[in-house]
2 protein chains.
Amino acid sequence: MSTLNHQTIRKAIRERIESGEWLPGATIPGEVDLAAEYGCSRTTVNRAMQNLADDGLIERKRRAGTRVKEIPTRQTTFKIPIVRHEIEASGASYRPHILERETIKAPNHIAARLHLKKDAKLFHLVTAHLGDGRVHAVEDRWVNLSAAPDIIKAPLNEISANEWLIRKVPYSSGDVIFSASAAAAREAEAFETKIGSALFTIDRTTWLDDVYITTMTLRYRPGYNLQSRL
Amino acid sequence: MSTLNHQTIRKAIRERIESGEWLPGATIPGEVDLAAEYGCSRTTVNRAMQNLADDGLIERKRRAGTRVKEIPTRQTTFKIPIVRHEIEASGASYRPHILERETIKAPNHIAARLHLKKDAKLFHLVTAHLGDGRVHAVEDRWVNLSAAPDIIKAPLNEISANEWLIRKVPYSSGDVIFSASAAAAREAEAFETKIGSALFTIDRTTWLDDVYITTMTLRYRPGYNLQSRL
DNA sequence: CAGTGGTCTAGACCACGTG
DNA sequence: ACGTGGTCTAGACCACTGG
């Protein structure tokens, strides 16, 4: 038998859908039939189909069978960039530069984001991420000191708070929000642009189980974009 | 035996990593050992591990085994929104409003994006997407008329060009670019804001095999954001 | 309640890349 | 060379849900 792996079958079925053989909304043959047609086990077909479902191309329901989606869920996976990697990938040398650093009581909106009482002590850090001396992004970060007290002693001139946190409080989960925001005075100065310029912005809050660790806003230099394949 | 599915094992292993039992860079036990430990078949462990690898938490190599990633690849999947769905999800009623419509020779930068000769005829459409009469987003789209000639006859006052295209030229692949851009006069007027306001922007080009179909820029009203779980 | 997808198992062979 | 992950198979049972 030739090479009939699940990827081959996945591709074959994808092409049959794209060619119009099975139109949007149509029910496609069951796993048993497809297995017979392709001469492989149902397990293999099942795997191929589950992948296609993950891709958003088909919908599967027990008893009802598998259908081609009316409107395919276009989705795309973005790797959340690590600023140092972005900068180094362009050939420049990375350096974090601390613009502001303090330990204070949480402002209300930050306390809310981190699910803390409003008088909790937080570590506040504003960092410019430099690539060959030019500002690539400005990061405004708040860290929950009960979750990561040692950050006060971290050498944040050498390693960014982000990477330090990854090592100390690894593998938390989190929220990400992509948006556009206007440059405030601080960003305008850092990026050598005008106040109000459009900046690509990522907000990120991370936690481990029910302990909220950190929230930050990352504003990129004008012209920055995130690219992906659909 | 209790319920030991691949998801349970996936979760268990994830927790062992997050707890620090296996540190970043460490090699974790082979599939055979884990299968023995959890009392299930290797197939099941394999599936759990492949999922964790997809999540970017571990790295797997034949012969070398499975390691915890030094810096986990944080990645997140965004569903590319269909504007009509976004609007209707908020309870408003959707209506596309055509601002501009023409059939002309492609400007150079658009021809380049679509890999066409610069004198190719293109369909150009600017649409305001309305939710209860308010502009939610402005779409600037170019369609390759040799790929989708019938779009000229489509009832674009009722169905958006996007959804029409999905039906007629389904399941193409594409590029997506997220960025921030400044409102030009047209957007400023549509959104009742000032020229230069920061707008969240999605650029998208789609094709089927080697035929480029359409490219568009979608600018969202000020304050819009895209959210996801990390 | 019956048919479909979801999952598990035990065993097998293969492909890759490290040591 | 050989140990690890990648995959396939055949068969089985289960869970969900539509008719």
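Convention: sequence-line order gives letters A, B, ...; per-chain numbering from 1.
- With rounding to whole Å, L52(A) atom CG is found 14 Å from dG5(C) atom C1'.
- Atom-to-atom, CD of Q7(A) to P of dC8(D) comes out at 8 Å; the value is rounded to the nearest Å.
- Ring pair F200(A)/F200(B) is parallel by interplanar angle, where below 30° counts as parallel and above 60° as perpendicular.
- Residue N46(A) has no polar side-chain atom (N or O) positioned under 4.0 Å from OP1 or OP2 of dG5(C).
- To the nearest angstrom, P of dC13(D) lies 13 Å from CZ of R42(A).
- Computed from coordinates, the E31(A) CD to dA10(D) C1' distance equals 15 Å when rounded to whole Å.
- Residue T44(A) places no side-chain N or O under 4.0 Å from the OP1 or OP2 atom of dT7(D).
- Take the nearest nucleotide of DNA chain D for R62(A) and for R47(A): the residue whose nucleotide is more 5' is R47(A).
- Taking atom CZ on R10(A) and atom P on dC8(D), their separation rounds to 12 Å, with Å as the unit.
- Surrounding CZ of R134(A) are at most 12 heavy atoms belonging to other residues, nucleotides or ligands under 6.0 Å away.
- Distances shorter than 4.0 Å separate some side-chain N or O of T66(B) from OP1 or OP2 on dG5(D).
- Between T43(A) and K61(A), the residue whose closest nucleotide on DNA chain C is further toward the 5' end is K61(A).
- Listed pair N5(A) / dT7(D) fails the phosphate criterion, with no side-chain N or O lying under 4.0 Å from OP1 or OP2.
- Closest non-hydrogen pair, W207(A) versus D175(A), comes out as CZ3-N, 3.7 Å.
- In this structure, CD1 of I58(A) is placed 14 Å from C1' of dG6(C), rounded to the nearest angstrom.
- Here R60(A) reaches the OP1 or OP2 of dG6(C): one of its side-chain N or O atoms lies under 4.0 Å away.
- Each of E31(B), K61(B), R60(B), E59(B) was compared with T66(B) under the side chain to side chain contact (heavy atoms under 4.5 Å, CB included) criterion, and only R60(B) meets it.
- Taking atom CD of residue Q50(B) and atom P of nucleotide dC8(D), one finds them 10 Å apart after rounding to whole Å.
- The base of dA15(D) does not come close enough to the side chain of R63(A) for any donor and acceptor atom to sit less than 3.5 Å apart.
- The minimum heavy-atom distance between G25(A) and E70(A), with the atom names listed, is CA-OE2, 3.5 Å.
- The OH-C1' distance, from Y38(A) to dC8(D), rounds to 17 Å in whole Å.
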